[in-house]
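Notes follow the structure.
For the numbers below, each heavy atom of this structure counts, side chains included, while hydrogens, waters and symmetry mates do not. We count residues from 1, following the sequence as given.
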Amino acid sequence: MAESEKISGDGVTRIVEELLQRKTLLKLILLDTDFQHLTNVTALTIQKTCPSFIIDTPEGFREAAADIDPWHIRFEFTGKDNIKYIFKTIGGEIADHQIKIKLPEVVERKQRRKLFRIKAPDGTILCFTINVTRHELEVIDISLGGSLAALVQADSHVYQEPPFSDIGELKDVELVFPAEICRKPIKIKTAEIKRTKKNPEAPRYEMALEFAEISKRHERLLTDLIYRLQRQYLRKRLPLDI
């Protein structure tokens, strides 16, 4: 669940200047080939006719790009804000073991949508099947990106170690709300288990899950539901201004 911000103009120049100053590693991907390698910006030239930047030539680039004209290159890096940035360039030239490339017109910054985490309505559960055995988790709280849920242990079945610790992810998970809130389950193709811990105050394990793969349709359903629950929650908490 990520959104993009387009940066252009002087913003592009400032970003490349920062790459140069911080010696940030960039992943260089030569499109339409299998070539990708790390490199870094070694110089920046600001000319009105053709502003450009220079990078070290990665090992193997000459051979990979020998029959390609012009080059189409994708660069990826993580900024100091821990956000992923992407930009693409066309063309370039090699001289003295370095590559000179025209500055991109646009740099794309990926931004994670703010994830509102709210208490789940009573009776909300996550359901999934492992080796023909159906399991249910009681949902404690939920956001657009994941959930904290608890696996309640019956007296007849006490887990001696964290459950599913050898799996790492759950497939075909159903998020089921009480019928008065949502009549049909929201389906999550893959949920990654980020951490599992035992609650010392209750006989249960609590699991933090990230919704790694979900269809666009069910993502929209979950988004609408989360915001509807949030509005209801705020109406109950905030006093009316009469």
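At least one side-chain heavy atom of M207 sits less than 4.5 Å from a side-chain heavy atom of L137. The shortest distance between side-chain heavy atoms of E59 and D56 does not fall below 4.5 Å. Residues H72 and K88 form no side-chain contact, since every pair of their non-hydrogen atoms from C-beta on lies 4.5 Å or further apart. For the pair I226/I142, a side-chain contact is recorded, criterion being any heavy-atom separation below 4.5 Å from C-beta on. Looking only at side-chain heavy atoms (C-beta outward), L103 and L44 come within less than 4.5 Å of each other. Residues E219 and T223 are in side-chain contact: their nearest non-hydrogen atoms beyond the backbone lie under 4.5 Å apart. A heavy-atom distance below 4.5 Å is not found between the side chains of I29 and F35. F177 places a side-chain heavy atom less than 4.5 Å from the side chain of L229.
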Decide yes or no on side-chain contact (heavy atoms from CB on, under 4.5 Å) for Q36 and K27, but give the supporting numbers first.
-> CA-CA 7 Å; Q36 55 180 282; K27 180 193 287 187; 3.6 Å; yes

Between V107 and V16, is a side-chain contact (heavy atoms from CB on, under 4.5 Å) present by the stated rule, with each step listed?
-> CA-CA 10 Å; V107 174; V16 179; 5.9 Å; no

Can you check side-chain contact (heavy atoms from CB on, under 4.5 Å) on F53 and I99, steps first, answer last?
-> CA-CA 8 Å; F53 65 101; I99 304 175; over 6 Å; no

Tell me, with the steps shown, if N40 and T42 meet side-chain contact (heavy atoms from CB on, under 4.5 Å).
-> CA-CA 6 Å; N40 62 285; T42 59; 3.8 Å; yes

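Distance OG1/T39 to CZ/F61: 9.5 Å, rounded to 0.5 Å. With rounding to the nearest 0.5 Å, the separation of CG in D172 from OG1 in T190 is 7.5 Å. Between atom CD1 of residue I46 and atom CD of residue E17 there is a gap of 6.0 Å, rounded to the nearest 0.5 Å. Between the SG atom in C127 and the CD atom in E136 there is a gap of 4.5 Å [rounded to 0.5 Å]. Here the straight-line distance linking atom OG1 of T78 with atom CG of L25 works out to 10.0 Å at 0.5 Å rounding. With values rounded to the nearest 0.5 angstrom, L126 atom CG is found 6.5 Å from L209 atom CG.
Criterion: ILVMFWY side-chain heavy atoms under 4.5 Å apart, direct or through other members. Under it, L28 and V106 are not part of a common hydrophobic cluster. Under the 4.5 Å side-chain heavy-atom criterion for Ile, Leu, Val, Met, Phe, Trp and Tyr, I86 and L19 are members of distinct hydrophobic clusters. Connection of I101 to I94 is established within a shared hydrophobic cluster, with ILVMFWY side chains joined at heavy-atom distances below 4.5 Å, either directly or through further cluster members. Two different hydrophobic clusters hold I140 and L222 under the rule that ILVMFWY side chains link at heavy-atom gaps under 4.5 Å. Follow the hydrophobic side-chain contacts under 4.5 Å out from L151 and you reach I188 in the same cluster.
Note: F77 and F87 have perpendicular aromatic rings, judged against thresholds of 30 and 60 degrees for the angle between ring planes.
Between S147 and D141, the shortest heavy-atom distance links the atoms OG-O, 3.0 Å. Here the closest non-hydrogen pair linking H218 and K187 is ND1-N, 3.2 Å. Of all the heavy atoms in T33 and A64, the pair that sits closest is CG2-O, 4.3 Å. In this structure, F211 and L144 approach most closely via the heavy-atom pair CD1-O, 4.2 Å. Smallest separation of non-hydrogen atoms from K119 and D122: NZ-OD1, 3.5 Å. Nearest heavy-atom pair, L20 versus A43, reported as atom, atom and distance to 0.1 Å: CD1-N, 3.7 Å.
Here the side chain of S8 pairs no donor or acceptor atom with the backbone of E105 at under 3.5 angstrom. Formation of a donor-acceptor pair under 3.5 Å by the R220 side chain with backbone atoms of S215 is not found in this model. No side-chain donor-acceptor contact under 3.5 Å links T124 to the backbone of A120. No donor-acceptor pair closer than 3.5 Å links the side chain of T89 to the backbone N or O of P104. In terms of modelled atom types and a separation under 3.5 Å, the side chain of T129 and the main chain of V132 share no donor-acceptor contact. Side chain of S52 to main chain of K102: no donor-acceptor pair is present (N/O by atom type, distance under 3.5 Å, no hydrogens or angles).
Using a 4.0 Å cut-off between charged side-chain N and carboxylate O, E76 and R74 make a salt bridge.
Side-chain contact of E18 with T24: a donor-acceptor pair under 3.5 Å is absent, judged by distance alone.
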